[in-house]
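Have a look at the structure below before the remarks.
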Amino acid sequence: MKATPTPGADRAGSRAPLERIVGLVLVVAFVAVSVFVSLPRGTPATDALVKEAGGTAPSDHQQAPSPAERLRRQCGVILAAGLTLIIYSFLYRDNALFKIVENLYVGIGLGYGAIMTWYLSLKPEVVDPFLQAADRGDLLDAVRLRSVPILLGCMLVTRISKRFSWPSRYAYALMIGWGAGIGIPITVHTFVLKQLEAAIRPIGLQGLAEAWSSAGMFSTAFWSALAAPAGVLLILVGTVSVLYYFFFSVERGPLGRAVSKIGVIFLMISFGASFGYTVMGRISLLIDRVQFLLTVWLGVAR
Amino acid sequence: MAAAEKGTPPTAAEVRRLHAVRRMIFLLLAVAVVAAVIVPFKLPGKPSSLARTVFEDLESLPQGSSVLLSFDFDPTAKGELEPMGIALLRHCFARNLHPVVMTFWQSGVALHKTMVERTAAEYGKVSGRDFVFLGFKPGDVNLILNMGESITGAFDKDYYGRPTQGMPALAGLNSLRTLSYAVCLAAGMTTEVWIAYGGDRFGFPLAAGCTAVIAPDLFPYLQSGQLRGLLGGLRGAADYELLVGTPGEATRGMRPQSVAHLFILGLIALANAEVFAAFLKKRRRF
């Protein structure tokens, strides 16, 4: 298959040497700035991190860290700052350093996950109860309570072999049977019945009528009392119209199309709210990193 | 884009323009956030009613009550949920409540341990007496069901390996049925698990804090009363910091957050204006 040339590939080729020079200058600048900000002056960077979080720095409670400890912390901060900047370099263009750090992140994540699984799951739940049993009674307890779950766990591992994978079916059958038995009634109760109950609550106009008669239509009390029934109505209309929008079995007349359109409006508002929250979440992550760079690494903000 | 409208691939000039615009947006956003972090200015802060509910619920608990905090996140959600967790811990310690901290995310244990120990040190609180850090235990829903029968049975030891049986901080807390209050801080869908298998089944009041991305999914549970309150994203964390009276990282983050949101609103308005202008131009042509 013939490769399609990317638009602007020639220009990109001519820009490459300049970009390399700029990249090299940025790396040198990063090293220089890191060395400069690491020189001993005032509050250590790691304490600034704690104080930034509104907390009390470790140095306020404990004795000052040793020079080796301080050096270790500073190296950690510089490494974290460098990795952060390299990850953000992707916003300009995909590059070799980004690829390295991306793979490093995946590798560290997997390695960390494996270690944590060993120390927090396998060792305390599978190995220690047998090897570190205080007496014969504890050992018998471990055998009685843990043998079957461990055997079932081992049966799941047989999935790696095509020929001997059949024992895993028994373990899966137990998991699925147990999961369905426990999960179905709870799911129906929590995610269907409770939500239905919330959608069909009485509108409750009594409070509104009382506010009208006591304070009149143009009072704050009236408008506050109006909020609850209006909310209930809004939820009812939204639920019905959105459900109707996803109801495909009947040809829609003019009224059906109108209800369906209302459903679309509710859906659009919901998508907009989700998008707004997503933007807020992503910006929050950016702010966290910027605060780290400016406060902990550079020390220019408090 | 004219070319895109016609269904033809974009030209090299158009691709370059798109790349340039994209980079310009990233650069301007970075400048806006950096400037807002460096330059201090005050914003009027009014905590939301959802955060206020959580605060007032904790305020109404008698001293010495146990509050379960399920920190179900790892360092990837640190920016949003760490300030929230610290504010909750500070509130508990200031009111002499006994936070019982656990997690379903094993990759977050080190972060949670640091948060708990650091905040406890601020208030001079002692592990086992004033708070318990249970750490991680595998099991997911099974663990919650087990805790519904017995907390000390589900966690026979705390994170440091000390037996939980007879711990002063767990006095009076036999199972989830006797729990005074629980808050789940989640970066995933653990809150729904806590609602279904915890709050609904064992009847304890449950509130949630979450990353902004999943907050819209949790609003239906507020309407149904399955959640008492909700702290959504950095804004939720800032609200709680203001209510507790310890403004910290989240409160400071509101400055760049607001500036960034204004910037994005401006971009949305600009893009819509361009589309509207193109629409008018097309209409005039016919």
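Everything numeric here is computed off the predicted structure, so don't read it as measured data. Protein chains get the first letters and strands the later ones, always in sequence-line order, with residue 1 at the start of each.
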Worksheet item: Once the angle between the rings of B/Y221 and A/F191 is folded into 0 to 90°, is it parallel (under 30°), tilted (30 to 60°) or perpendicular (over 60°)?
Response: perpendicular

Discussion item. Set out, in order, the CA-CA distance, both residues' side-chain angles and the distance that settles side chain to side chain contact (heavy atoms under 4.5 Å, CB included) for A/E125 and B/K137, then state yes or no.
Written reply: CA-CA 9 Å; A/E125 302 296 331; B/K137 187 148 188 168; 3.3 Å; yes

Discussion item. Side chains of A/I182 and B/Y197, heavy atoms from C-beta outward: is any pair under 4.5 Å?
Written reply: yes

Discussion item. Less than 3.5 Å apart, any donor N or O on the side chain of B/Q226 or A/T190 sitting next to an acceptor on the other?
Written reply: no

Worksheet item: Does any non-hydrogen side-chain atom of A/I283 lie less than 4.5 Å from one of B/I264?
Response: yes

Worksheet entry | No-hydrogen, no-angle side-chain donor-acceptor test under 3.5 Å, A/T117 and B/Q106 | yes

Worksheet item: Is the shortest heavy-atom distance from the side chain of A/Y277 to the side chain of B/F219 under 4.5 Å?
Response: yes

Worksheet item: Considering only heavy atoms from C-beta outward, does the side chain of B/V213 approach that of A/R282 to under 4.5 Å?
Response: yes

Worksheet entry | B/H19/A/R93 under side chain to side chain contact (heavy atoms under 4.5 Å, CB included): CA gap, chis, key distance, verdict | CA-CA 9 Å; B/H19 282 182; A/R93 180 179 293 175; 5.9 Å; no

Response to the item:
Whatever's closer than 4.5 Å to a heavy atom in chain A on B/E80 counts as side chain

Worksheet item: Between B/D200 and A/I186, is any pair of side-chain heavy atoms under 4.5 Å apart?
Response: no

Worksheet item: Cut-off 3.5 Å, side chains only: do A/Q195 and B/Q223 have a donor facing an acceptor?
Response: no

